[in-house]
2 protein chains.
Amino acid sequence: MASRPSLTQVAEQVGVSPATVSRAFNRPELLNAATRERILSTAKRLGFRPNKVGSSLRSGSTRTLGLLLPTLANPVFAACFEGAEMAALDAGYSVMLATTGYDSERERLAARSLLDHRVEGLILTVADPADSATLGELGSSGVPFVLAYNESDCHPCVSVDNRAAAADMVSHLAAQGHRQLAMISGPLAASDRAVHRLAGAMACAETLGLPPPIHVSMSRHTAADRGRLKELLAAPQPPSALFCSNDLLAAAVIAELATLGLRVPDDISVCGFDGMDFGALMVPSLASVHQPSTDIGKHACRELLAALAGRPSRSRRLPHWLFDGGTITAPGSP
Amino acid sequence: MASRPSLTQVAEQVGVSPATVSRAFNRPELLNAATRERILSTAKRLGFRPNKVGSSLRSGSTRTLGLLLPTLANPVFAACFEGAEMAALDAGYSVMLATTGYDSERERLAARSLLDHRVEGLILTVADPADSATLGELGSSGVPFVLAYNESDCHPCVSVDNRAAAADMVSHLAAQGHRQLAMISGPLAASDRAVHRLAGAMACAETLGLPPPIHVSMSRHTAADRGRLKELLAAPQPPSALFCSNDLLAAAVIAELATLGLRVPDDISVCGFDGMDFGALMVPSLASVHQPSTDIGKHACRELLAALAGRPSRSRRLPHWLFDGGTITAPGSP
DNA sequence: CCCCAGACTGCAAACGTTTTCATTGCCATG
DNA sequence: CATGGCAATGAAAACGTTTGCAGTCTGGGG
């Protein structure tokens, strides 16, 4: 009921100037201990909390960061948020989250809205940093930003080395005896990660003298996808292992294979990329290239905060590692 | 570089008063078409966007909603966010998200921070609405709020009927021939949902003349949990079906059972509660009581917006439904 | 020709802070 | 006793908007 009193009201209650009340909260050491206590106690009594809107306007700083992610339906991004939130909180910042659903128009609009709210910096994942309207607008806005998951030479970014990571997985599969692989991804236009992972897999296969992996792009859980999978397996040289460019997709593929009567890994090996927590709970557990999503969020946030503090933010390449789950086995086991 | 120009600067560029520029954006119909165009075009040329901080301060409305959830690691809450974000966006609102990690202190602090940012309303999920410090503070703040997932008689909330939903699942299990059930939950103190689900299961079992379900509370993925599960299965009358109070837990339990050499559903049936998208991708697919998480977020947001518009927000009980996945079968099948 | 109703625009006061610059005592120093 | 320095506080301007009120035109009706 008692709609929040203002600093001024507290001031006149106590009988001091607004400036003094402000100082009681921001520079308490400047005040006479007695006045400070007097102010703090009546502030509490009245239920006063400093209004950040006023404060932001005057100080020019909102202490808010923007986070722009494709979707929270992918636990990877959810983890990224939590990492970023943690780091932001530690620094006294709040975060304003928006999702784009992989839609570039929504992305542009959301970024604009975030800027309108005067976030001091932005962490975001775009389809392709080399060609992004959003990044263009952002650049000319002067608001610092850090890319998460994307890899770029021209912008600060925090990610794993997607090419190397994919190559590692291909090596691992080859070591198990697999030769013909397939790489399954979503639409490449929606994710530079998928592009890099595919490139890494291809390059590694070539180095190892494997036949080039077959690339299959699944649109969005349409019936056509099911057909494409069937077709892939009916090829003259069907792959013995499916490398999916993300864990969610891997899970979907495994489920799809099950409906086709194929068992993983007995009939075919499958692996993913991301390392979502959930993969470890699957039975068998999902083999996958793990990336430290929480840390990606955390470090992206730290770099952003660094930029806000004047230090330039540097790109960080975080380590990935293979999780050798039960969905991979040597080809042709009983 | 060009740090955002202000409305005033646009005004003097165009040679009109700030008021006119303001109107060009908010009440364009009031302006002479020519002036309007002149303003809009120079505004665009200068890269001007109205500063929401100034606007919020003057108008007293931030057009921002707060969302306070336990964790995004549970995809249920992620879906809730996306639903809420959608509804908020439709109404021209932004959302500020914070997570609590099921920690009541973090919860209190986060709520306070949200209020400090002057969100106009709050959507939140608390441990127990009947006894929540956060809700207390919120109440005296005068900021409208809507509970999501929680059930309460004293506060507006959007949820399923957890008791009835759990009862439905128990009926289903009984119909399959199960008699001795176990209910597995997280710490009851952290979730009134778990409490209600347990109560619903118990009541239904009694009605149907089944022996009372055994309740097992798993703390947080500790080694002790594994022991508790083992112990449960070694009981004189071991349960033939495990009803987990959420899907994430169900997945963990299934993984745990696998390490104990038990197959689901051949050796034991398992089911969950939530209906996270992921469950359908598991092999076998996870039987579960589904709740419409996205809609919960969406409706919670709508109710909140209603409150902001003066209409009182009403509690909504959304429908649940059983997803009869492959993790349940009649007891004692080969 | 006068008057009045629009239509359009400007003035200036808010909104709740922060912060620079002064002001006031007061005490110690010379 | 004058001086200077320090500690504690206040006055007032500024941040970028919105908005009630008042002002200026224009044109049409009487």
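Each chain gets a letter, A, B and so on, in the order the sequences are listed, and its residues count up from 1.
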(request) Can you see which heavy atom on B/R302 is nearest to which on B/A87, and at what distance? (result)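 Here B/R302 and B/A87 meet closest at CG-CB, 4.4 Å.
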
Separation of atom [atom1] in [X] from atom [atom2] in [N], rounded to whole Å:
X: A/R58; N: D/dC15; atom1: CZ; atom2: P; result: 8 Å
X: A/R27; N: C/dT17; atom1: CZ; atom2: P; result: 18 Å
X: A/R118; N: D/dC15; atom1: CZ; atom2: P; result: 14 Å
X: A/L30; N: C/dT23; atom1: CG; atom2: C1'; result: 16 Å
X: A/R36; N: D/dT9; atom1: CZ; atom2: P; result: 10 Å
X: B/Q9; N: D/dC15; atom1: CD; atom2: P; result: 10 Å
X: A/E12; N: C/dG16; atom1: CD; atom2: P; result: 12 Å
X: B/R23; N: C/dC11; atom1: CZ; atom2: C1'; result: 10 Å

Look at all strands and tell whether [X] reaches a base, only sugar-phosphate, or nothing, counting heavy atoms closer than 4.0 Å.
X: B/S22; answer: base
X: A/T8; answer: base
X: A/F25; answer: nothing

(request) Report the residue from A/V76, A/L97, A/T100 that forms a side-chain contact (heavy atoms from CB on, under 4.5 Å) with A/L69. (result)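 That would be A/L97; it is the only one of A/V76, A/L97, A/T100 passing the side-chain contact (heavy atoms from CB on, under 4.5 Å) with A/L69.
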
Measure from the side chain of [X], starting at C-beta and using heavy atoms only, and say which of [options] lies closest.
X: A/L57; options: D/dT9, D/dG16, C/dT18; answer: D/dG16
X: A/S17; options: C/dT9, D/dA11, D/dA8; answer: D/dA11
X: B/N51; options: C/dT17, D/dT17, C/dT9; answer: D/dT17
X: B/L31; options: C/dT9, D/dT19, D/dT18; answer: C/dT9
X: A/S6; options: D/dA8, C/dT17, D/dT19; answer: C/dT17
X: A/V16; options: D/dT19, C/dT18, D/dG10; answer: D/dG10

(request) Nearest-nucleotide wise, let me know which of B/G15 and B/S59 is further upstream toward the 5' end of DNA chain C. (result)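 Upstream on the strand: B/G15.
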
Distance-only polar pair, side chains of [X] and [Y], donor-acceptor under 3.5 Å:
X: A/S159; Y: A/R193; value: no
X: A/H117; Y: A/T64; value: no
X: A/S191; Y: A/Y102; value: no

Check this one for me: any side-chain N or O of [X] less than 4.0 Å away from OP1 or OP2 of [N]?
X: B/T35; N: C/dT9; answer: yes
X: A/N32; N: D/dA7; answer: no
X: B/T20; N: C/dG10; answer: yes

(request) Would you check if the distance from the ring center of A/F25 to the ring center of A/F48 is below 6.0 Å? (result)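 Yes.
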
(request) Starting at the 5' end of DNA chain D, write a dot or bracket for each base, bracketing those in Watson-Crick or G-U wobble pairs whose two distances are under 3.5 Å and using | for partners on another strand. (result) ||||||||||||||||||||||||||||||

(message) Is there, by distance only and without an angle test, a donor paired with an acceptor across the side chain of A/R4 and the base of C/dG16 below 3.5 Å?
(response)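 Checked by distance alone, the answer is no.
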
(message) Working note: A/L115 + A/L138, criterion side chain to side chain contact (heavy atoms under 4.5 Å, CB included); need CA distance, chi angles, decisive distance, verdict.
(response) CA-CA 9 Å; A/L115 292 182; A/L138 253 187; 4.1 Å; yes

(message) Are more than 12 heavy atoms, taken from residues, nucleotides or ligands other than B/D277, located less than 6.0 Å from that residue's CG atom?
(response)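 No, not enclosed.
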
